Amino acid sequence: MADITLTLPDGAKRSYPAGITGAEVAADISKSLGKAAIACEINGKFSDLSIPIDADSDFRIFTMKDEEQALELIRHDAAHIMARAVQELWPDTKVTIGPVIKNGWYYDFDRAEPFHEDDLKLIEKKMREIINKREPVTTEVWDRERAIKFYEANNEPYKVELIESIPGDEDLRMYWHGHWQDLCRGPHLAHTGQVPGDAFKLMSVAGAYWRGDSNNAMLQRIYGVAFRNKQDLKAYLHMLEEAEKRDHRKLGKTMDLFHIQEEAPGMVFWHPNGWTLYRVLQDYMRRRQIADGYLEINTPEVVDRKLWEASGHWEKYRENMFITEIDEEHANEKRVNALKPMNCPCHVQVYNQGLKSYRDLPLRLAEFGSCHRYESSGSMHGLMRVRGFTQDDAHIFCTEDQIAGETKKFIELLSSVYKDLGFDSFDIKFSTRPEVRAGSDEVWDQAEAALENAIKALDLPYEVDPGEGAFYGPKLDFKLTDAIGREWQLGTLQADFVLPERLEAEYIGEDGQKHTPVMLHRATLGSFERFLGVLIENYAGKFPLWLAPRQVVVASIVSDADGWVNEVVERLRAKGIRAEADTRNEKINYKVREHSMGKVPVILAVGMKEVEEKTVSMRRLGDKGSKVLGIDEVVAELVAEATPPDLRD
RNA sequence: GCUGCCGUAGCUCAGGGGUAGAGCACUCCCUUGGUAAGGGAGAGGCCGGGAGUUCAAAUCUCCCCGGCAGCACCA
């Protein structure tokens with residue numbers, strides 16, 4: 001057999017007989033590399049060590065030191081090993097798919113009896129047994145027919161369905177972890193023992209639809225996480241614990257911000273602290289919008305179905321609307337109303353009052369609009385997904401020529417707002433036409449091009465989400481992540497060529513003729529509820545002073561200092577600082593602890609020394625020490641810091 | 001909506017077929033203490049709601065309601 005030449009990453013060339021495997025090359029380079037090797041790369045293709053190499057190639061060996069490749073393989077092999085463990089424990093279980101995801105993997109199974117949390121321990125134990133066997137991972141290429149026959153014989157209908165749905169007729173790769181077999185693209189580790197037995201953990205069981213379609217059967221999904229070593233696993237689990245502490249639902253309780261109760265699922269009862277935070281944010285947004293040329297309006301929340309019929313919501317969105325009926329006995333005629341699920345149709349009504357000229361455009365109508373949507377029970381999540389919420393909504397009525405400019409202007413506003421609120425980066429998704437949509441393809445071409453060009457002109461990174469646009473137009477979504485990495489859509493900008501026409505919005509153009517304006521739906525924060533949820537988690541409750549609902553607590557150390565405490569509070573309040581007195585009969589340690597846990601940014605402690613010197617002892621949240629300062633100095637410092645970023649010099 | 005788990009005092013949770021428990025919070029008393037929990041006493045619950053099984057249900061079963069995780073959905 002002819003020799004082949006392998007070129008290593010350092011440029012060294014080695015000759016081997018054709019058909020040699022990566023494993024053999026690794027062992028030839030050094031005995032230790034032979035042991036440490038987990039996979040290889042042949043001409044840039046991530047590959048198994050066991051695959052024969054037939055031609056001259058660039059060649060590279062991966063070991064556990066190559067983090068990206070190692071984690072991919074560990075998680076992927078762990079998925080297979082878990083599936084094998086499950087089938088060994090419960091042979092009637094049918095396997096489906098098990099991909100690698102962030103931090104780990106999942107595998108979906110079909111089994112009559114659902115898995116329980118306790119089963120996870122059993123499965124983990126079985127997995128470690130398989131790992132300890134250090135059984136080789138082998139692979140073969142089969143043609144489709146053979147594979148389908150094999151799975152039919154083994155009563156694995158999901159695998160058959162998978163193969164049948166793979167386009168083309170290329171051959172299939174089959175893998176064996178010891179005796180256990182799975183269809184897989186690969187690559188895989190060399191043997192089961194290469195998965196670190198102490199660096200993985202099965203996390204949870206959940207239902208998941210086969211192929212992500214709710215019309216299909218629900219399968220049992222098991223989630224696992226895996227790392228290269230025990231320390232990394234521990235660090236990850238620790239990170240999760242820390243993230244849980246900043247969960248906005250937890251902080252909402254400890255900071256006394258809000259609650260939600262059974263009688264109004266998905267609706268928020270804002271407490272004084274939370275409402276203060278809400279108002280501070282709303283006041284800030286109001287100033288930013290006015291500065292950007294928006295006109296604030298306010299429109300009804302309960303609106304006759306006629307308007308929703310005209311807008312198309314009655315047909316397309318009714319199942320998500322809260323419908324109200326007037327009791328017939330007490331009404332002259334039966335009217336069916338709906339709580340507005342969005343503000344757009346109402347804004348068009350405001351626009352439609354009076355004849356508009358092209359000189360009026362762009363017309364930016366803004367509303368902190370209270371909306372209600374009947375969200376499905378399983379989708380609600382604290383403040384993040386609620387049924388009653390307030391959008392920082394606005395609709396920009398403009399000409400087609402103005403879309404790009406308005407889009408740019410909006411994204412600049414949004415970036416600046418997010419930065420002021422502590423978010424330096426965010427994700428942008430550009431969603432294009434969905435299958436079910438209103439409007440002609442020409443209109444969609446135009447709308448999509450306008451948005452994409454605007455975002456490109458600003459040179460911001462974005463991803464395209466094909467088919468995820470609204471039924472009336474394409475959109476840009478702006479997303480941030482919560483404490484444990486779940487992504488939430490906040491800001492949005494949606495072009496709409498449909499609604500203005502449906503609701504007969506018009507303007508008189510330069511040519512003296514009537515034209516239909518374009519409508520840009522846009523929200524910067526999205527909804528106050530969701531944004532505050534993300535904001536709470538982002539700051540872990542430790543807000544900058546200007547946002548903190550409780551800014552300063554002035555605490556007495558001895559009751560003889562109460563008079564000075566109250567005086568200090570008065571002076572701070574006179575300057576607009578949210579200050580409270582704590583003159584309770586408790587020790588200063590107790591007060592410091594309590595207000596620290598309540599995330600109050602500044603504690604001013606006052607004892608007899610401060611009374612005599614007209615000073616306070618200032619302690620910042622998270623600091624160990626404190627410093628004694630004159631009252632004027634403290635007031636000036638806190639006032640400067642409590643000034644919202646848009647009002648600073 | 002679907003799968004699984006959960007619902008006990010204001011909060012965090014223990015218990016579990018036969019007088020409802022703890023810590024914190026709350027009220028009162030003692031204590032005036034210098035930067036993350038001083039001490040004592042007291043009050044507080046139809047164990048999410050309804051039905052069933054049982055001599056007996058907070059506990060077991062079923063049905064609702066709500067929550068959590070994931071899936072689906074998300075203008």
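Chain naming here is simple, since letters A, B, ... match the order of the sequence lines and numbering starts at 1 in each. Predicted, not measured: the structure shown is a model, and the values here were computed from it. Every heavy atom of this structure was used, including side-chain atoms; hydrogens, water molecules and symmetry mates were not.
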Enumerate all atom pairs, one protein N or O and one N or O from nucleotides 42-49 of chain B, separated by less than 3.5 Å.
none

Would you list the protein and nucleotides 27-30 of chain B atom pairs, both N or O, that sit under 3.5 Å from each other?
none

Could you list the protein-to-nucleotides 2-5 of chain B atom pairs, N/O on both sides, closer than 3.5 Å?
unit_1	atom_1	unit_2	atom_2	d
B:rC2	O4'	A:Y209	OH	3.3
B:rU3	O2	A:G207	N	3.1
B:rC5	OP1	A:H116	ND1	3.4

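A search for salt bridge (charged side-chain N to carboxylate O under 4.0 Å, His left out) contacts involving A:R502 returns nothing, not counting sequence neighbours.
Among B:rA37, B:rA72, B:rG34, the nucleotide with an atom closest to any side-chain atom of A:S214 is B:rA72. Here B:rA36 is the nucleotide among B:rA36, B:rA75, B:rA72 with the atom lying nearest to any side-chain atom of A:S596. If you check B:rA75, B:rC11, B:rC73 against the side chain of A:K253, the one that comes closest is B:rC11. Each of B:rA75, B:rA69, B:rC26 was ranked by its minimum atom distance to the side chain of A:R584; first place goes to B:rC26.
Of the P atoms belonging to B:rG15 and B:rU8, the separation is 14 Å, rounded to the nearest Å. For the P atom pair drawn from B:rG52 and B:rA20, the interatomic distance equals 23 Å after rounding to whole Å.
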*asked:* Wobble G-U and Watson-Crick pairs count when both distances are under 3.5 Å; given that, what is the 5' to 3' dot-bracket string of RNA chain B, with | for pairing to other strands?
replied: (((((((..((((....[..)))).(((((.......))))).....(((((..]....))))))))))))....
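For residues 380-396 of chain A, the set of pairs meeting the salt bridge (Lys or Arg N to Asp or Glu O under 4.0 Å) definition, not counting sequence neighbours, comprises A:E375-A:R385.
Note that A:R211 lies outside the cation-pi zone of A:Y209, set by a 6.0 Å cut-off to the ring centre and a 45° limit from the axis.
Across all strands, A:H595 comes closer than 4.0 Å to no nucleic acid atom at all (heavy-atom distances).
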